A.B. asks: 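One structure, pasted below without further comment.
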2 protein chains.
Amino acid sequence: MATGRTHRPATRSRGIPEATVARLPLYLRALTALSERSVPTVSSEELAAAAGVNSAKLRKDFSYLGSYGTRGVGYDVEYLVYQISRELGLTQDWPVVIVGMGNLGAALAGYGGFASRGFRIAALIDADVQLTGRLIAGLPVRHADELEGIVEDNQVSIGVITTPAGAAQEVCDRLVAAGVTSILNFAPTVLTVPDGVDVRKVDLSIELQILAFHEQRKAGEELESSLTAPPVAAKAVRDGGRRPGPDGDVPAVMPA
Amino acid sequence: MATGRTHRPATRSRGIPEATVARLPLYLRALTALSERSVPTVSSEELAAAAGVNSAKLRKDFSYLGSYGTRGVGYDVEYLVYQISRELGLTQDWPVVIVGMGNLGAALAGYGGFASRGFRIAALIDADVQLTGRLIAGLPVRHADELEGIVEDNQVSIGVITTPAGAAQEVCDRLVAAGVTSILNFAPTVLTVPDGVDVRKVDLSIELQILAFHEQRKAGEELESSLTAPPVAAKAVRDGGRRPGPDGDVPAVMPA
DNA sequence: CCATCTTTGTGCACGCGTTCACAAAGACAT
DNA sequence: ATGTCTTTGTGAACGCGTGCACAAAGATGG
Ligand SMILES: NC(=O)c1ccc[n+]([C@@H]2O[C@H](COP(=O)([O-])OP(=O)(O)OC[C@H]3O[C@@H](n4cnc5c(N)ncnc54)[C@H](O)[C@@H]3O)[C@@H](O)[C@H]2O)c1
Ligand SMILES: NC(=O)c1ccc[n+]([C@@H]2O[C@H](COP(=O)([O-])OP(=O)(O)OC[C@H]3O[C@@H](n4cnc5c(N)ncnc54)[C@H](O)[C@@H]3O)[C@@H](O)[C@H]2O)c1
């Protein structure tokens, strides 16, 4: 997964561990699906399976929020959806600006998963005058000159950067100066920000490189074992035991 | 990140901690930039700053790879680029398929950061016959029926999934059955895969929710400190402090 | 009201990752 | 060579996150 993380050391926001916060959206997604199927209650075991985590971990995560379960029964789905939403701050609207309306920015602008969680696109911004005024996902692209005004007028506190790497720091600085305090950065650069500003990064290239590392390692082990062990058909190894392993694979959130 | 991470317990791949692996691409990026500026050597302090990490951490990370530095001088940039590239498996070509050529898939297909690291797009795949044959980033979209053949013919071991969530597990199963052992998933679903297959996920929505959480917390602290401090006009805080109050929410609806 | 059965909430131990702090290694000047 | 100065490489301590295992809570049935 993708993501890197900002430098947030022992902050332990209001007692909720960072690792737990990162999983809450996962639980919320699973719970929302259950809610849509009108399932009234769910056990930690079931929900954990749906979210792809260990049930003990899930229970401990929920315990940070409070005692919302009923022993012998499980958790009330609707209630939990509400509690987690509230904890994550999703009961309110978060105006967001996207800066850099190239391929990626346009894809994000049209992404439905945005609005469905209370993230409202306040504006799409680009420095290219050719793009100014053009409609993307129904919204007109605004010129970068208007950035400060847009952020201030709309009380935007979250900014998404999808400009080329070279422009990212400058855009970031302007966003922060205008009042943005949370940034989601897709440009492959390290952003420097003042204290109090959160930055999370998504870097596709890094994700692929991590996969490549493990891929290479797998190939290496294969080779090794086929040298040590009697030469089994390589093809069989490639197809290696494909059991529907219950390995709940969680992605990427590393402390920085 | 996008992070979180795979459940890779005591695997400690060849002694290199997972956290270190996740940072190697970061170092590589910084080193590549230095290389392009023809900088011959770099100290752990400088490189750490460029990569946005602690210098002790960087040195420890490198120590897992071997002793590539020179005391009193630093690290040889070119040599380190090569060593890290080799460790990550970037000295070879990795054929990749992208499945689901919608907005996001198209953006990824055109992304330059792909090829620049040895990730070669072997094929773009979509189930929509309307798209079949259409050129995206210079490559023709192939129909999903061809998936297995493409993967086998090109020895593809890395697959990228950018289909809607509902189709992701099925696509994943087919990729794995055809021989793919590493998957980068952009669909908001938990994928179940056999042992030996790595999955990393990138979820924009989760990233935004984590930002929202901290954003809310910041707003809460703001409010708190202005309540603890001499009673400034509460009204001013409500209206002036631009974020809508975090805790002034609806009272809890208790479950049965 | 009591017994039984299910499932939560958590104490505890363990391992990984981070960071500090410093000895040792080497470059460089004299 | 010898001394000084810089910077690496790592031992050690610490803190966070994870998962086991179980007591307690509460539902349910008789
Ligand atoms: N396309 C992908 O799949 C992908 C994947 C991962 C990361 N990224 C990164 O995301 C960023 C955007 O990628 P892309 O493919 O959309 O690039 P792109 O070139 O298509 O779009 C970049 C846009 O940013 C605009 N821009 C440039 N400078 C600006 C400024 N100062 N202020 C406002 N707008 C500015 C440009 O006009 C352009 O429209 C890049 O940093 C890229 O490395 C892209
Ligand atoms: N667009 C974004 O910015 C964004 C951001 C984060 C996550 N995502 C996720 O990425 C995925 C793709 O998003 P999108 O906006 O590109 O959606 P999209 O609807 O534009 O594209 C999806 C594509 O997948 C194809 N498809 C559907 N079923 C398929 C199958 N079985 N095999 C092959 N192809 C199939 C469709 O024909 C379509 O072209 C979604 O799961 C979305 O939730 C998107």
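Just so it is clear, the model here is predicted, and its values are computed rather than measured. Naming convention: chains lettered A, B, ... in sequence-line order (proteins, then strands); numbering from 1 in each chain.
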A.B. asks: Which nucleotide in the list C/dT8, D/dG26, D/dT18 gets nearest to the side chain of A/Thr70?
C.D. replies: D/dG26
A.B. asks: Nearest to the side chain of B/Ser63, heavy atoms from C-beta on, is which of D/dA21, C/dG17, D/dT10?
C.D. replies: D/dT10
A.B. asks: Could you state the atom-to-atom distance from NZ of B/Lys57 to C1' of C/dT18 in whole Å?
C.D. replies: 6 Å
A.B. asks: Using a distance-only criterion (donor-acceptor N/O pair, under 3.5 Å, no hydrogens), is the base of D/dT7 paired with the side chain of B/Arg71?
C.D. replies: no
A.B. asks: Can you tell me which nucleotide in D/dG17, D/dT8, D/dG9 comes closest to the side chain of A/Glu18?
C.D. replies: D/dG17
A.B. asks: Is the side chain of A/Thr20 donor-acceptor paired with the backbone N or O of A/Ile16 at a distance under 3.5 Å, no angle test?
C.D. replies: no
A.B. asks: Strictly distance-based, threshold 3.5 Å: is any side-chain N or O of A/Ser43 a donor or acceptor partner for the main-chain N or O of A/Glu46?
C.D. replies: yes
A.B. asks: Is it true that, when you exclude B/Tyr82 itself, more than 12 heavy atoms of the residues, nucleotides or ligands shown sit nearer than 6.0 Å to its OH?
C.D. replies: no
A.B. asks: Which of the following nucleotides, C/dG9, C/dA27, D/dG19, is nearest to the side chain of A/Ser67?
C.D. replies: C/dG9
A.B. asks: Within the modelled atom types, does a donor on one side and an acceptor on the other bring the side chain of A/Lys60 and the base of D/dT18 under 3.5 Å apart?
C.D. replies: no
A.B. asks: Could you check how far CG of A/Leu80 sits from P of C/dT8, rounded to whole Å?
C.D. replies: 11 Å
A.B. asks: Which nucleotide, C/dG9, C/dT19, D/dT18, lies nearest any side-chain atom of B/Asn54?
C.D. replies: C/dT19
A.B. asks: For A/Leu58 and D/dG17, give me the distance from atom CG to atom C1', rounded to whole Å.
C.D. replies: 15 Å
A.B. asks: Measure the distance from CZ on A/Arg59 to C1' on D/dG17 and round it to the nearest whole Å.
C.D. replies: 16 Å
A.B. asks: Which one, D/dG19, C/dG17, D/dT8, comes nearest to the side chain of B/Ser43?
C.D. replies: D/dT8
A.B. asks: Using whole Å, report how far CD1 of B/Ile16 lies from P of C/dC16.
C.D. replies: 15 Å
A.B. asks: Do A/Tyr68 and A/Tyr79 make the cut of ring centroids closer than 6.0 angstrom?
C.D. replies: yes
